[in-house]
Amino acid sequence: MSFPLLTTTAVLPAVGAVATAAVPAARRTAAKWLALLVSLATLALAIAVVVRFDPGGARYQLTESHAWISAFGVRYELGVDGIGVALIALTALLIPFVILAGWHDADPLETGSRRWRPTQGFFALILAVEAMVIISFEATDVFLFYIFFEAMLIPMYFLIGGFGDRAHEHGEEAASTQRSYAAVKFLLYNLAGGLIMLAAVIGLYVVAGTFSLSEIAQARADGSLHMATSTERWLFLGFFFAFAVKAPLWPLHTWLPNAMGEATAPVAVLITAVVDKVGTFAMLRFCLQLYPEASKWATPVILVLALISILYGALLAVGQRDIKRLVAYASISHFGFIILGIFAMTSQGQSGATLYMVNHGISTAALLLVAGFLISRRGSRLIADYGGVQKVAPVLAGTFLIGGLATLSLPGLAPFVSEFLVLVGTFTRHPAIGIIATFGIVLAALYTLVLYQRTMTGPVKPEVSAMPDLRVRELVVVAPLIVLLIFLGVYPKPVADIVNPAVKQTMSDVHQTDPKPEVEAAK
């Protein structure tokens, strides 16, 4: 039997989480280094997955299949396509930076009668989330996917509620209350979506007699599986609702600003750059593949909701007073672009959406982590408490600017390519929606540049006059992300070559081809 590379990639951080949690309380630094080493080893395995994956080969590669709960048709089945490979690589890449950025975020701190949770728990929870996200990208059994889709909520709940941001304008008591509220809201929203999906998962088994994607695809191909139109639509809605909450899509988005605002910056990166990608990934893998006709039926409504997300998120970002809440609303706008590209039902749109998942993860991580370094120095998340930072901390200000410019999709930085493809792919089939969506770019320029102007330029405020510039550890976190943003902005081909074959297969699943140009090129 060949080496189970996919299983090992997911199990290693899970074992690392247990080992990190078991480190004695007095050896906090050892726990940090153990977590970092495990995350780097996981990154090495993810690189091996990328190297062994053949974009021109079978749809699902490195497959593993074992009997699990035979009485209910549940199997332990793993496999990756190009989209899954790209997102596994993104997850494994970001986790070491999350750990390094949060190096001191969970150090014991006495504040009145309150004491922060053990450091070991913080890093163990991060590794647990990594394990669950990676196996979600690998699972080709619907029930197996569902288990980890829901299980990742538990460590995220404790990361938000137990290790929240220490910078709060109303003091520690108010901060604790807000953290608890944000954590509970995150959990309840996502559990509600998961329970509806569970009903749809059971319904799928009743109809198909299996949870295996490969078996369902084969049954469709040979004509032995036929779903009634109404049944397929109801099952699609059950799946899509859960994924739209996770993504998040308007109007199911309201948990995200609370969660990102109250979490530490590294945990906020974990939320929006890693965990939320499971929702948009699942739309491609499960909604479109399992329910092609229902996906086309629901497309007009979903496109409108995505368009609202783009404009609504951007408009609310413009008016934010809190740095991290501004990034949260900007992310809602960006997820609107991703979902728009998925349901534009064009190869350019879906390729752009997949690239956007990767590029948004890198750009948001860069911006949020630098924002976290800024907030930790000043002790405030409020934009009004800053001014003139670029004069006292030019490297911090410069990296913050590059992260912000990537967020507004400046040409030459990675998100531009993906956003351009999404808009082109949308315009070729839905020109009116494509035109309106471009206003999201204008609003992104507004909230990004205003944020930079108010925090980094102008007179130096007394509270930031002694602010230190980025330290070595912080540069190690930020510099590789900036390099990646520039590299993938200039040369996106390595990622595009991996995801494009999977996009073509997804287009084939929904029986769609790209629209022909109305005016043929001159011969």
Next on the checklist: Before you tell me yes or no, could you show the steps for Val278 and Met152 under side chain to side chain contact (heavy atoms under 4.5 Å, CB included), namely the whole-Å CA-CA distance, both residues' side-chain angles and the distance that decides it to 0.1 Å?
Outcome noted: CA-CA 10 Å; Val278 178; Met152 70 180 71; 4.1 Å; yes
Checklist entry - Which is it for Thr407 and Tyr447 under the side chain to side chain donor-acceptor pair (under 3.5 Å) test, yes or no, and what are the steps along the way? => result CA-CA 10 Å; Thr407 298; Tyr447 62 68; over 6 Å; no
Checklist entry - Would Val389 and Phe400 count as a side chain to side chain contact (heavy atoms under 4.5 Å, CB included) if you check the C-alpha gap in whole Å, the side-chain angles of each, and the deciding distance to 0.1 Å? => result CA-CA 11 Å; Val389 174; Phe400 189 83; over 6 Å; no
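Rounded to the nearest 0.5 angstrom, Ile332 CD1 and Ile308 CD1 are separated by 13.0 Å. Taking OG1 from Thr42 and CD1 from Ile88, the interatomic distance works out to 11.5 Å, rounded to the nearest 0.5 Å. We find the CG-OG1 distance between Leu87 and Thr354 to be 7.5 Å, quoted to the nearest 0.5 Å. With rounding to the nearest 0.5 angstrom, the OG1 atom of Thr426 is 11.0 Å from the CD1 atom of Ile342. Here Leu311 contributes atom CG and Ile436 contributes atom CD1; the two are 7.5 Å apart, rounded to the nearest 0.5 Å. Put simply, NE2 on His253 and CZ on Phe335 are 13.5 Å apart, with the number rounded to the nearest 0.5 Å.
Listed here is the closest heavy atom pair of Arg285 and Ala139: NH1-O, 2.9 Å. The two residues Ile383 and Gln320 have their closest heavy-atom pair at CD1-O, 3.4 Å. Of all non-hydrogen atoms in Leu252 and Tyr189, the two that sit nearest each other are O-CD2, 4.0 Å. In terms of heavy atoms, Tyr452 sits closest to Ala397 at CE1-O, 3.5 Å. Taking both residues in full, the closest heavy atoms of Leu485 and Pro415 are given as CD2-CD, 4.2 Å, listed atom of the first, atom of the second, then distance. Nearest heavy atom pair, residue Leu355 against residue Ala496, reads CD2-N, 4.1 Å.
Side chain of Thr272 to backbone of Val269: no donor-acceptor contact under 3.5 angstrom is found. When atom types are taken as modelled, the side chain of Lys461 and the backbone of Gly387 share no donor-acceptor pair closer than 3.5 angstrom. With Arg377 contributing its side chain and Pro468 its backbone, the two residues share a donor-acceptor pair below 3.5 Å. Of the possible polar contacts, one joining the Trp255 side chain to the Val245 backbone as a donor-acceptor pair under 3.5 Å is found.
Using a cut-off of 4.0 Å between Lys/Arg side-chain N and Asp/Glu carboxylate O, Arg381 and Glu262 are scored as salt-bridged.
Surrounding CZ of Arg473 are more than 12 heavy atoms belonging to other residues, nucleotides or ligands, all under 6.0 Å away. For Phe427, the CZ atom counts as loosely surrounded, since its 6.0 Å shell holds 12 or fewer non-hydrogen atoms of other residues, nucleotides or ligands. Other residues, nucleotides and ligands place more than 12 heavy atoms under 6.0 Å from the CZ atom of Arg378.
Relative ring orientation between Phe243 and Phe149 is described as perpendicular, the plane-to-plane angle rising above 60° on a 0-90° scale split at 30° and 60°. Using the six-membered ring where Trp is involved, His360 and His334 have ring planes that are perpendicular, over 60° apart on the 30 and 60° scheme.
In this structure, Thr280 and Tyr356 have side chains that are not in contact, with every pair of non-hydrogen atoms separated by 4.5 Å or more.
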